[in-house]
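Notes follow the structure.
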Amino acid sequence: MFRIFCAFVSVCFLLPTAQAATYLVLPFFNVSKNSNLDWIGESLAESVREALSSEGLMALDRDDRMEAYSRLSLRPYTLLTKASVVKIGEELDAELVVFGQYEVQASPDSGTKSHGSLQITARVLDLKHVKQGPEFREMGALEDLAALQEHLAWQTLRYLKPASAPSEAEFRQRHPAVRVDAVENYTRGLLAANADDKHRFFTQAAHLDSHYALPDFQLGRLLWSKKEYGSAAEWFQKVPPGDAHYHEANFFLGLCRFHTGDFVHAETAFQMVTRVVPLSEVYNDLAAAQIRSNKLADAVDNFRKALEGDSSDPAYQFNLGYALWRAGSFTAAAERLHTVLDHDPDDAVAALLLERCENHSGPRPGDSQTEGLERLKTNYEESAYWQLKAVLQPDKP
């Protein structure tokens, strides 16, 4: 399910009636009776979802939706009744659902290079106010799929954010059209069941259109999961500013740099993210990179910021204690390490450092027991941050 980090929970207690709207985009149904074209429905859904996310709206991700389908025993890519759409939306606490259908018709002229014509119908269902929203239609050549789905995404965005949505020209500049074969390979990569097939499809998509950032990000994540940090970093670097995954890509780029020993560039990547998405996990990993670069004062400061965001997390308690110990602040370090041991009495590393604190024994050159003990975070909850911000600063119509 959609995850919310601790700061958001705290705010909800203070503002019990405040709520950030969440949006759900379902795969469009294929009425062409050609299952080989089912990927188009997924592509349409992902295009709209990515566009909403890139503009700061809380669009639930694909994993959330697939989980809901599974819990409700619904098969993907089947024609959904309005009741089923409502059930899925309610299952995920969505306030508004975008869904629809499409049809591909073969070109009547066999001599044309066109792959056929595409007709798309999108509908908006407002669950919060229990009413049907507008209906959007798109029609054009199949090879123009990218342009058609981007226009659909812009229309949806304009309906949801009438006062602040970018002009269509601005939106198209941010989301340039992509080759249809690149879109197909990327979407088939999302749908693939195993990592090897995903890698093959994403790589093909990236090669077909070098300006297409989505496969770059997915390839980075795949290689990161395999601990191929150098190769993953090369793909994460390709994700451009303005892309919905830009900050997440830089978070993982920082982790890749850290694992390859490039702490200076790891720090740079994490710092860039904190300026826009100041999450505890980013401050934590930034501080870890700074410890490795012997910037203890900066590391202590940033570990404190991570802990302020989530004081219940033992990793943040440990890291701050570790940094304070390295800085010679034994009493303050011991306080943090006691908290860690209260949470987990079997934490042998925290116990060792606490003993050193009590003996006022600082770092020893070449002591492998106390080198590189920082505890990294690999979760990245950007959507939770934007949801918190939406609660505190709701979009004015």
Side-chain angles (χ1 to χ4, degrees), residues 1-4 19-53 57-104 120-128 130 132-133 135-136 145 149 152-153 156 160 183-195 197-198 201-202 214-215 217-218 221-222 225 244-245 248 379 381-384 387:
M1 265 301 276
F2 184 73
R3 299 175 297 274
I4 302 177
Q19 185 177 4
T22 55
Y23 304 94
L24 173 64
V25 187
L26 299 178
F28 284 45
F29 177 66
N30 175 16
V31 299
S32 303
K33 298 182 180 179
N34 180 352
S35 60
N36 193 47
L37 297 174
D38 283 348
W39 66 269
I40 296 175
E42 187 74 28
S43 179
L44 289 165
E46 282 298 287
S47 174
V48 174
R49 188 190 67 79
E50 291 278 351
L52 299 185
S53 295
L57 294 177
M58 295 298 98
L60 297 168
D61 66 28
R62 186 171 179 271
D63 290 340
D64 292 330
R65 180 238 300 165
M66 295 300 292
E67 183 181 340
Y69 269 71
S70 177
R71 287 201 299 265
L72 296 171
S73 300
L74 293 171
R75 288 192 309 157
Y77 315 114
T78 56
L79 181 61
L80 297 172
T81 64
K82 185 176 179 180
S84 294
V85 172
V86 171
K87 282 184 180 179
I88 298 170
E90 290 176 342
E91 182 73 19
L92 295 173
D93 296 322
E95 293 191 13
L96 186 143
V97 183
V98 180
F99 65 105
Q101 63 186 44
Y102 63 97
E103 182 177 11
V104 178
I120 307 166
T121 302
R123 297 180 177 87
V124 179
L125 184 60
D126 186 336
L127 299 181
K128 182 177 181 180
V130 195
Q132 185 77 44
E135 182 175 285
F136 304 119
L145 170 64
Q149 63 187 15
L152 174 63
T156 306
L160 298 177
V183 174
E184 179 178 357
N185 275 276
Y186 171 73
T187 309
R188 290 192 183 279
L190 291 177
L191 298 172
N194 63 73
D197 285 342
K198 287 179 179 293
F201 282 122
F202 290 145
L214 291 177
F217 176 74
Q218 295 293 346
R221 289 301 305 267
L222 276 175
S225 67
H245 297 289
E248 185 174 2
N379 59 301
E381 305 289 354
E382 181 172 343
S383 60
Q387 185 166 12

Does the [X] side chain pair with the main chain of [Y], one donor and one acceptor, at a distance under 3.5 Å?
{"X": "Y102", "Y": "F29", "result": "no"}
{"X": "T156", "Y": "L152", "result": "yes"}
{"X": "Q132", "Y": "V124", "result": "yes"}
{"X": "S70", "Y": "M66", "result": "no"}
{"X": "S47", "Y": "A153", "result": "no"}

D126: side chain to side chain donor-acceptor pair (under 3.5 Å) partners, not counting sequence neighbours: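 Listed in chain order: H129.
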Are [X] and [Y] ion-paired here, with the side-chain N under 4.0 Å from a carboxylate O?
{"X": "R49", "Y": "E46", "value": "yes"}
{"X": "R221", "Y": "E248", "value": "yes"}
{"X": "R71", "Y": "E91", "value": "yes"}

Can you confirm whether [X] sits close enough to [Y] that some side-chain heavy atom of one is under 4.5 Å from a side-chain heavy atom of the other?
{"X": "L214", "Y": "H245", "answer": "yes"}
{"X": "V86", "Y": "L125", "answer": "yes"}
{"X": "P27", "Y": "L44", "answer": "no"}
{"X": "L190", "Y": "Q218", "answer": "yes"}
{"X": "F202", "Y": "N185", "answer": "no"}

Specify the closest pair of heavy atoms between A68 and I88, including all atoms of both residues, with the distance to one decimal.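 Heavy atoms of A68 and I88 come nearest at CB-CG2, 4.3 Å.
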For W39 and E184, what are the C-alpha separation, side-chain angles and deciding distance, and is it a side-chain contact (heavy atoms from CB on, under 4.5 Å)? CA-CA 7 Å; W39 66 269; E184 179 178 357; 3.5 Å; yes
side-chain contact (heavy atoms from CB on, under 4.5 Å), that's the test. Do R188 and K198 meet it? Break it down for me. CA-CA 8 Å; R188 290 192 183 279; K198 287 179 179 293; over 6 Å; no
Sequence neighbours excluded, which residues qualify as side chain to side chain contact (heavy atoms under 4.5 Å, CB included) partners of E103?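 Side chain to side chain contact (heavy atoms under 4.5 Å, CB included) list for E103, sorted by chain: V31, S32, Q105.
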Tell me, please, which residues at least two apart from E50 pass salt bridge (Lys or Arg N to Asp or Glu O under 4.0 Å).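 Result, salt bridge (Lys or Arg N to Asp or Glu O under 4.0 Å) vs E50: none returned.
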Examine Y186 together with F201 and report whether their ring centres are nearer than 6.0 Å.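 No, too far apart.
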Mind running side-chain contact (heavy atoms from CB on, under 4.5 Å) on L26 and V85 for me, showing each step along the way? CA-CA 8 Å; L26 299 178; V85 172; 4.2 Å; yes
